Each structure stands twice: as C-alpha cells, then as structure tokens.
There are 2 protein chains.
Amino acid sequence: MRVSLKDVAERAGVSVKTVSNVVNNYPHVTPAMRARVQQAIDELGYRPNLTARHLRKGRTGIIALAVPELGNPYFAELAGHVIDEAARHDFTVLLDHTQGRRELELLVCQGFRARVMDGLILSPLELETEDLRGRAEETPLVLLGERRYDLPYDHIAIDNIAAARQAVGHLLDLGRRRIAFLGAREDRAQQPAHLRLLGWRAELADRGVPVDEALVGYSEGWERADGAAAMARLLDSGQRPDAVFAYNDLIAIGAMRVMSERGLRVPEDVAVVGFDDVTESRYGAVTLTTIAPDKRAIARLAVESVVKRLDAVHGDGGVPESQEMHPAFSLVERESTRGRGGR
Amino acid sequence: MRVSLKDVAERAGVSVKTVSNVVNNYPHVTPAMRARVQQAIDELGYRPNLTARHLRKGRTGIIALAVPELGNPYFAELAGHVIDEAARHDFTVLLDHTQGRRELELLVCQGFRARVMDGLILSPLELETEDLRGRAEETPLVLLGERRYDLPYDHIAIDNIAAARQAVGHLLDLGRRRIAFLGAREDRAQQPAHLRLLGWRAELADRGVPVDEALVGYSEGWERADGAAAMARLLDSGQRPDAVFAYNDLIAIGAMRVMSERGLRVPEDVAVVGFDDVTESRYGAVTLTTIAPDKRAIARLAVESVVKRLDAVHGDGGVPESQEMHPAFSLVERESTRGRGGR
DNA sequence: GTGAAAGCGCTAACAC
DNA sequence: GTGTTAGCGCTTTCAC
C-alpha cells in the first residue's frame, strides 16, 4: 500500500493517467509505452489501492451475504456457491451470520454490521415486514428463503408448498398415513414462515388423509438437537407416526438418531423425508430422502439480482422491477423411505 | 451514499470538521452543537461513507478468511467463530475458499481474490514454502492448520502429533491392535502435512505394536466420499482392521457408511476415531469418538494476531515476533469406540 | 470548541 | 495517444 500511481508515473517518466491506463488495460496505449510503464510497475512492486478506486467509482466490489448460521450445512454450502457466483462477476463476499436473531438481521439490513458493500443477500428468519419497510439504505437487497414479504425486493426461494406436498405425497404413495411434521414453531402468534407446514396440511387434505395436529412436532430451532428433542417429545406423548416429514435435514437427522435409540427402524417403522439435501444426508447408516433445492441456481439468481441492480444504478436506465424467483427442486429418494435395497 | 458530510454541515450551518467530530464522538463538542448537528444528520438521513474513511485511514476493517472448502463443516464452523471474534474487534470477514488448489491459495495470499483487506487468515493445503516466501504483500497473514512453513508468520494449530497419538492410544487402550489410518495422500513426494499420520506411527511404535503400512488408506481428498472410497479399497485389499483412525470426521463418517453396508459393526468389529469434532459427529446411528480442537480459541488467536499486527503498524512500535500457537484439544469419547452403553 | 484547507490514491473529463 | 486537473468523502493538522 505504499507505492502509488504517482510513484510509478515518476519512475516511468509519464503521467499518472498513462499509468492508470495501463493498469486498467485501457486499449489505446502504444505497446512500447505499456511495456515501459509495466516495467516501472514491476520494479516498484506497485499494487493499486482498491479503496481509492472504490471511493472514486462508488463501488466496492463486495457483496454481503447474511445467513442465520454457518453451522447449518445448508447455509455453508449455499455460501460456497455464492462465493463462486460472485467471483464470476468479480465480486467478493463478506459473510455474516445472524443466528436467527431479529435485531441482528435488522442491523445487517441497515448496513451496520457489514458496512462496505454494494449489495446484500439476506436469508431472514425473524425479520418482519415493518422492519424492512423502514429500510433507508438504497443498496440492493435480495431476500432468500421461505419467508415472504410484500415489499419491492427480489425474493428467491423454491416453491416450498409444492416441495412439501411432493415430500408428503411420496410418503403417502408408500402407504404411510400417520405422517408427522417436525420443526414447527409455536412461539409465534402467526407462523408466517411455515409454508412447508402448509404443504403438509394441504397434501394430506387433498389425499383424504385426516390431518392430526397431534402429529405436529414443535421445536425452537432447526438444528439436529431440536429435531431430536421434538421427536422425543412426540414419541413421549404416545404418538406413533409411521412417517416423518421434517422441516429440514438437520431436524430429520436428529429425529432419526432418537428413533435409533428407541429401537425404531427407518424406514420400516418410520419413513423419513428431510429438506435441503445437505451432503450429510447422503451418508449415515440410513441415507436420507430429501427435497433438493437447486442451491447453485439460488446463488446464481441472488448474485445476478444484485449485479443487475447495481448496473442499473450506475448505468443508463430504469431499476428492474422486483421479482419472485422460484428455482428448481427435486425429491431425492434414498434409504429413509426406500430402504437399503432401493425400491 | 448520496448525502455527505458537507451536506450535513451546510444544513446545520457548521463546518465539515464539526460534523466529523460529532460523527466520530470526538469528546470536545458542546452538547448544544452536538444536538444541532445530530438533528441535521437525522433529517438528512446521513450515513458516513466508509470507503472514504478507509481511504483516509488506510484501513478497511475487513479481515479475509480463506479456507479450502465451506462444504466441510469444520471450516464452516470455524468461519462462524472467526466472524464472531472479528466482530468483537469491529472487523467484518470476507470469506473465500480455495478448494485446496495451490494456485487459488497463492492468489489469495497475494491479495488477488480478496483485494480489500487489512489482514488475511489462511488455512492452506497445497501451498509450498516457496510460494509464501515470495509474498510481496505486507498485510498481516496468519496461517492455520496442520501444515508448517518455516517463515515468519503466525501459525495456529493444535499439536497434531500429540492429538493423533492420543487418538491412537485410546484405541490401543481398548485392546485394538490392527489400527488403520485413513486419509493419507499418495500423490505427494513428501507428505509435509501429515502430522497425524506421523502421530499414528509414533504411538504404535512406542506401544510396541508393529506398524503395518498396508493399513494406511490413501485418498485424494478429505470428504465423506473419499473416506468411503478409502475404506472400501482397504477392505477390498483383504485387510481387516479392528480400528480406524481417520484424518478427519468426514473421512470417518464415509468409512462408517461403508462398514455399515458391509455388515461390519462399529465399534464391535471396528472402532473408529475421527478428528475435528464437527457437530455431525454427535449424531448418526453411531456417534463418533473424535479429537475436538478448541475452534473458538483458534478463531480468537487468529483474529487477535491480525489485529495485533495491524495495531503495531499503525501504532507506535515494533511488529511482534511471529509465533507458533497451539490451542487446546481433547479426545471426546463416543459410541464409535465406547459403544452405546458407554464404557 | 470550531473552521479552513490539504490530501489519502485513484479515475475521468477535457485539453493537447 | 498522452498529460492536466478536478474531485470521490472523509480525517486531520493547524489556525483562530
């Protein structure tokens, strides 16, 4: 950070502009001049000061990504994809986690935690519409995940209801009738996020299977421990489901652990479907049938959304309309519903 | 990013300096003045431009963290801790992954990928001493992990040899004698990173158990799939170990999956010890005995190292000597060695 | 306690 | 093609 454009210019006996041209690969520079400047750059070990460039251009080349928890492999894997997609557009990624705490989500939105950024990709859990409505920041914001806000921000999420219905449908197809839902939240007046729970209800209803609310397992979080606790509670309450549809893979994995401890076989006694297709679900004594969202597509759409808006601001024209985007998903059938032998 | 200090100054009818004083909580400002300026700030919705501040102060408040792969929960969990520790020092974290590719590790070191950063925390896999020796950057660099370089950079890693010995010792204590090592690399002339393999050899030798090189399972990577493949190869070669010490938890998990497929019981037939204590190892049909490094300490030491060096540069005095730091670790005994009932 | 002005390193008009 | 120059928005001497 010590040697500047000016130093190089002096050394090469040219103006700063010329050096700048060379550094930025400006086309109209004579090869001879380019070589001369380049030599000075090499000799001095010049490295452009990005901060200065950013100040001048009004851009930092940084996209912030805020997820609830990096300990959840879904978000870790997603972050990896976002980093890759961002790199394709010459952006780097500032990563933050909110631990699903509303105040942290809010701070992130307002740019208080990740302060230098051109855009923000946020996967909210607790954030309310009112929090977002008051957002003063004009840096582009993209929302990820199940929660929907009626606000003009791009939103990227698979069709959670359809996915849940497919998962439940799969269990019904296998002849299961007492299908529990694991991972509902009860500390909320409204449960705005639980499209997956809605899907569970809808599919059961459509297929003429009575919806038994006693089969809804509540939990505080969505980690493995929460899944284990919810499953234990369900079994302790005397329920004996023949299938479990879990809010996510971690909950499913926690639940399977408890079943294993209690001598329940998966899938013979209880079939299990998860959600997220984290790598972990492909291993373990019983591999997990799960909904696989196209994570790479989610990352790509998110980054593109930010970049597009950035270009719109700096470029000519109108800011694009905000959109709902629904990347693809698929049901991956594994041993937790099919058993070891396959079908 | 539109309203600047100057705008606020005009609005409040004061100078830029005064506004700056208020924004930065400079102590010697009369309360009345402070209130007046604050009002202008609020009315205009002023937000300081961090980039400009950074340019001026020569600091960005960003620490870059580069790990091989976020899909490995060890690194994801570590990243979470680094973010937390960085936040304690008012830094944010730019995250990158190198996929264990030497050229990417090199680019990161040279600041080509994460370009705006005050310091770099790097967990290298393939990087060679010569790569690092030529590093021109003067931004602080901290190295994490098993690899050692004889260079003046802070290096943070648990005592891998001691940890490996403790793991192998535990298996020996349980009466196991044919202890395989899973996750060695064979594509390297020297295996500079494999302190864990050294520990395996040393402990066996010390305890008078013959070291059988046929029990070393090689793999290309350190993911679950690599562990599964290595285990399958070992078994296919006719070896029948009574224990496995895996390079990391993912390899152990992959190996356990293969054993389960082949009807080998853990720990009755084969006891297993992993390395990293990822959360995943606490679940599954058989929970995994593993070496648990103090990840939070690693993160704390890494961030502190960067911050300390930064303060040294900007502050008064001498740059601190580079250090080797060895955070604590412990052996966590679970079902893969103890069985379900405990001891 | 507050103001004026210089300058961090770079880019982009605009002139030559 | 290349040089001159004016800022980007902020902090920071240094006067007052």
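What you see is a predicted model, and the numbers here were worked out from it, not measured in a lab. Naming: A, B, ... by sequence-line order, numbering from 1 per chain.
Going from atom OG1 of B:Thr60 over to atom CE of B:Met117 covers 9.0 Å, rounded to the nearest 0.5 Å.
Under the salt bridge (charged side-chain N to carboxylate O under 4.0 Å, His left out) criterion, A:Glu10 pairs with no residue, sequence neighbours left out. Not a single salt bridge (charged side-chain N to carboxylate O under 4.0 Å, His left out) links A:Arg36 to another residue, sequence neighbours left out. Checked against salt bridge (charged side-chain N to carboxylate O under 4.0 Å, His left out), A:Arg53 has no partners two or more places apart in sequence or in another chain. With sequence neighbours excluded, no residue forms a salt bridge (charged side-chain N to carboxylate O under 4.0 Å, His left out) with B:Glu321.
When each of C:dT2, D:dT11, D:dT2 is scored by its nearest atom to the side-chain atoms of B:Tyr26, the top-ranked nucleotide is C:dT2. Here C:dC10 is the nucleotide among D:dT2, D:dC10, C:dC10 with the atom lying nearest to any side-chain atom of A:Ala52. The side chain of B:Val29 has C:dT2 as its nearest neighbour among D:dT11, C:dT2, D:dG9.
For D:dT2, one of the phosphate oxygens OP1 or OP2 lies less than 4.0 angstrom from a side-chain nitrogen or oxygen of A:Thr30. The side chain of B:Asn24 contributes an N or O atom lying less than 4.0 Å from OP1 or OP2 of D:dT11.
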Under 3.5 Å, sequence neighbours excluded: what are the donor-acceptor pairs made by side chains of residues 61-73 of chain B?
{"from": "B:Glu69", "atom 1": "OE2", "to": "B:Gly71", "atom 2": "N", "distance (Å)": "3.4"}
{"from": "B:Asn72", "atom 1": "OD1", "to": "B:Tyr74", "atom 2": "N", "distance (Å)": "2.9"}

Show me the donor-acceptor pairs within less than 3.5 Å that the side chains of residues 297-305 of chain B make with the rest of the protein, sequence neighbours left out.
{"from": "B:Ser305", "atom 1": "OG", "to": "B:Asp154", "atom 2": "OD2", "distance (Å)": "2.6"}

If you restrict it to nitrogen or oxygen atoms, what contacts under 3.5 Å exist between nucleotides 3-7 of chain D and the protein, and what is each distance?
{"from": "D:dG3", "atom 1": "OP2", "to": "A:Ser15", "atom 2": "N", "distance (Å)": "3.0"}
{"from": "D:dG3", "atom 1": "OP2", "to": "A:Ser15", "atom 2": "OG", "distance (Å)": "3.2"}
{"from": "D:dG3", "atom 1": "OP2", "to": "A:Thr18", "atom 2": "OG1", "distance (Å)": "2.3"}
{"from": "D:dG7", "atom 1": "N2", "to": "A:Arg56", "atom 2": "NH1", "distance (Å)": "2.8"}
{"from": "D:dG7", "atom 1": "N3", "to": "A:Arg56", "atom 2": "NH1", "distance (Å)": "3.3"}

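In terms of position along DNA chain C, the nucleotide closest to B:Leu55 lies nearer the 5' end than the nucleotide closest to the other residue of the pair B:Leu55 and A:Val23.
Axis angle between the ends of the helix from C:dG1-D:dC16 to C:dC16-D:dG1, five pairs each and rounded to 10 degrees, works out to 30°.
Applying the salt bridge (charged side-chain N to carboxylate O under 4.0 Å, His left out) definition to pairs two or more places apart or across chains, those involving residues 94-106 of chain B are B:Asp96-B:Arg113, B:Arg101-B:Glu103, B:Arg102-B:Glu130, B:Arg102-B:Asp131.
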